[in-house]
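Below, chain A is the first sequence line, B the second, and so on; all start at residue 1. This structure is a prediction, so every number in the text was calculated from the model and none was measured. The figures that follow rest on heavy atoms only: side chains count, while hydrogens, waters and symmetry mates do not.
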Amino acid sequence: MNTQPPTLLELQHAMYRSIVASDDAEAAAYIVADGIDPAARLGIYRNTFASVLTNALRLSYPAVHRLVGAECFEGVVRLFIDEAPPRTANLDDYGADFPDFLMRCEPVSALAYVPDVARLEWMVNRTLHAPDAQPLALARLAALTEDEQARVRFMPHSSAGLLRIDHPADSIWRAVLAHDDAALAAIDPAIGPVWVLVHRTEGVEVTRLSEPAWRFTEALFAGRPLHSALEDAACDDAQQLLAQHLAAGRLVDFELADHASS
Amino acid sequence: MLQSKRGSIPAKAGIGLRFPHHQAVVDTRPEVAWLEAHTENYMGGGTSLRYLETIRRDYPLSLHGVGLSLGSAEEIDAAHLTRVQHVVERIEPGLVSEHLSWSIVGSVYLADLLPLPMTEEALAIVCRHVDQTQATLKRRLLIENPSTYLRFRHSTIPEWEFLSRVAERTGCGILCDVNNIYVSACNHGWDPATYLAGLPPAAIGEIHLAGHAERQLNNGNTLRIDDHGSCVAPAVWALYAEALARFGPVPTLVEWDTNVPPLEVLLGEAARADVMLEETDREYAAADAA
């Protein structure tokens with residue numbers, strides 16, 4: 001055995017291997033046994049790591065947790081943690097890749113709508129924790145000339161998001177969180193795709209849009225010049241939708257495109 | 001009442017603010033001197049931050065962080081330090097604290113307050129990171145002693161001395177977690193009185209109290225686990241009395257994170273700490289008058 005004391009960095013890498021990869025060999029050699037096996041001592045930290053992250057993902061993905069059951073969820077989360085341990089101490093940001101992981105994960109990939117519910121839940125989580133921002137003051141838009149208004153490129157509030165989902169994940173999500181088994185049983189998972197807007201009011205709202213309304217909103221959120229977004233809009237109520245987005249504070253700023261932009 | 005000289009947090013008992021109690025605190029405005037929030041829980045916007053800002057208007061608040069990883073051999077995560085800075089600037093808390101521990105290596109966050117080897121190398125690294133944090137936040141930090149379940153063979157400095165030297169070198173304060181002292185002392189065969197006696201009273205800016213659990217291991221041995229999931233243990237109350245006798249009246253926080261009980265239970269624990277604080281207050285006032 002190497003009797004040279006480890007540097008702090010060497011020790012921390014050994015602890016990493018113990019906690020993340022269950023490889024105690026090196027870390028155990030650095031620990032005072034003192035009546036209790038070093039592996040048992042390391043196991044306490046490994047369990048905390050797994051349980052804290054499982055809990056963080058359960059809070060971000062409550063409907064997935066209920067859909068697949070606690071046991072399956074914990075098993076899947078263990079696999080996910082092995083593949084993608086957190087790279088931030090802000091655990092609200094942990095788990096963005098979980099929906100993609102679920103698509104590749106055998107125990108749940110047979111339930112094709114589960115990854116879609118997960119995608120919706122991640123967007124709900126992002127919306128919940130997005131930083132605050134002041135809504136765009138309408139007076140700033142009113143002060144523009146007609147030519148300038150046509151060239152407006154909006155910036156959306158970071159809490160507003162759009163999602164196209166193959167399955168009716170919004171209905172499933174709502175029924176699961178409401179424990180409404182009758183509503184859940186009535187959903188045809190083959191219906192789709194659905195087009196949803198996730199946004200923040202007092203809480204988080206998930207609103208289903210028509211495809212044309214969704215595409216127009218997407219153009220606005222992507223900063224397409226207003227005249228171009230309106231020209232391409234396949235819905236009659238584009239102006240009304242724009243007014244709703246402004247009134248709800250979903251647009252927070254703008255810049256002017258040059259004349260050549262479209 | 002003797003006001004703390006340690007920021008705007010009074011030398012009275014406070015409670016840890018947890019999500020399940022947001023609404024109850026706003027609705028009932030309980031009689032408690034101050035509250036402490038976890039910094040990492042308020043790094044975004046929306047409802048949680050609005051609750052905290054509302055509560056901030058009526059109560060002194062402190063911020064207690066778990067993610068800076070001051071003991072990492074690698075550099076501090078600059079993005080996380082910036083997030084902490086934004087919360088501190090927005091809330092303007094009376095106290096800001098972090099832990100004598102580490103949680104990040106190879107850019108991976110290990111989601112726990114992991115033990116450090118008590119070595120000169122680790123001491124230099126922790127001091128460098130405390131200096132950096134205090135310079136960024138432009139304020140004094142309190143550093144909390146951890147609960148630990150293992151010790152490293154190559155440690156050369158007692159934990160209380162390590163913590164005292166961090167305070168001496170960086171000018172930071174110490175958050176003395178009495179439950180953690182008790183848990184670590186039981187787990188490692190230390191004398192908790194020696195630990196308390198080894199800390200510099202002038203540096204103590206806050207005390208933490210919490211419940212812990214006993215876990216039986218396969219070989220019949222017991223480890224005490226700092227799970228913040230029950231009332232403060234009788235032995236920890238006794239050690240708290242010793243801490244107050246030594247440090248004087250210090251802002252004292254009751255924490256509860258696992259199986260969070262109704263707000264009244266936390267308030268009951270805080271009221272018990274308040275009785276002891278008032279007694280210490282009177283003793284110190286009498287000693288001053290004599």
SB check E36(B) R18(B) (cutoff 4.0 Å): no

With side chains defined as the heavy atoms from C-beta onward, is the minimum distance between L67(A) and V108(A) less than 4.5 Å? no

When you compare the side chains of H212(B) and N179(B), does any donor N or O come within less than 3.5 Å of an acceptor on the partner? yes

Quick one: what part of P6(A) sits under 4.5 Å from any heavy atom of chain B, side chain, backbone, both or neither? both

Under 4.5 Å heavy-atom distance to chain B, tell me which part of V52(A) shows up: side chain, backbone, both or neither. side chain

Would you mind checking which part of I19(A) comes under 4.5 Å of any heavy atom in chain B, side chain (CB onward), backbone (N, CA, C, O), both or neither? side chain

Specify whether H13(A) and Y16(A) have parallel, tilted or perpendicular ring planes, treating 30° as the upper limit for parallel and 60° as the lower limit for perpendicular. perpendicular

Hey, which of A40(A), A33(A), A27(A), G35(A) has the most heavy atom pairs under 4.5 Å with chain B? G35(A)

Salt bridge present between E53(B) and R57(B) (N-O < 4.0 angstrom): no

Could you check, using the six-membered ring where one of them is a Trp, whether Y109(B) and H80(B) have ring centers closer than 6.0 angstrom? no

Output the residues of residues 110-119 of chain B for which the shortest heavy-atom distance to chain A is under 4.5 Å, in residue-number order; output 'none' if no such residue exists. L110(B), A111(B), D112(B), L113(B), L114(B), P115(B), L116(B), P117(B)

Selection residues 117-137 of chain A - residue pairs positive for salt bridge (Lys or Arg N to Asp or Glu O under 4.0 Å), sequence neighbours left out: D93(A)-R126(A), D116(A)-R119(A), D132(A)-R200(A), D132(A)-R90(B)

Just jot down the salt bridge (charged side-chain N to carboxylate O under 4.0 Å, His left out) partners of E74(B), sequence neighbours excluded, or say none. none

Listed by residue number, which members of residues 75-88 of chain A have a heavy atom under 4.5 Å from any heavy atom of chain B? P85(A), P86(A), R87(A), T88(A)

Side chain, backbone, both or neither: which part of N90(A) has a non-hydrogen atom closer than 4.5 Å to chain B? both

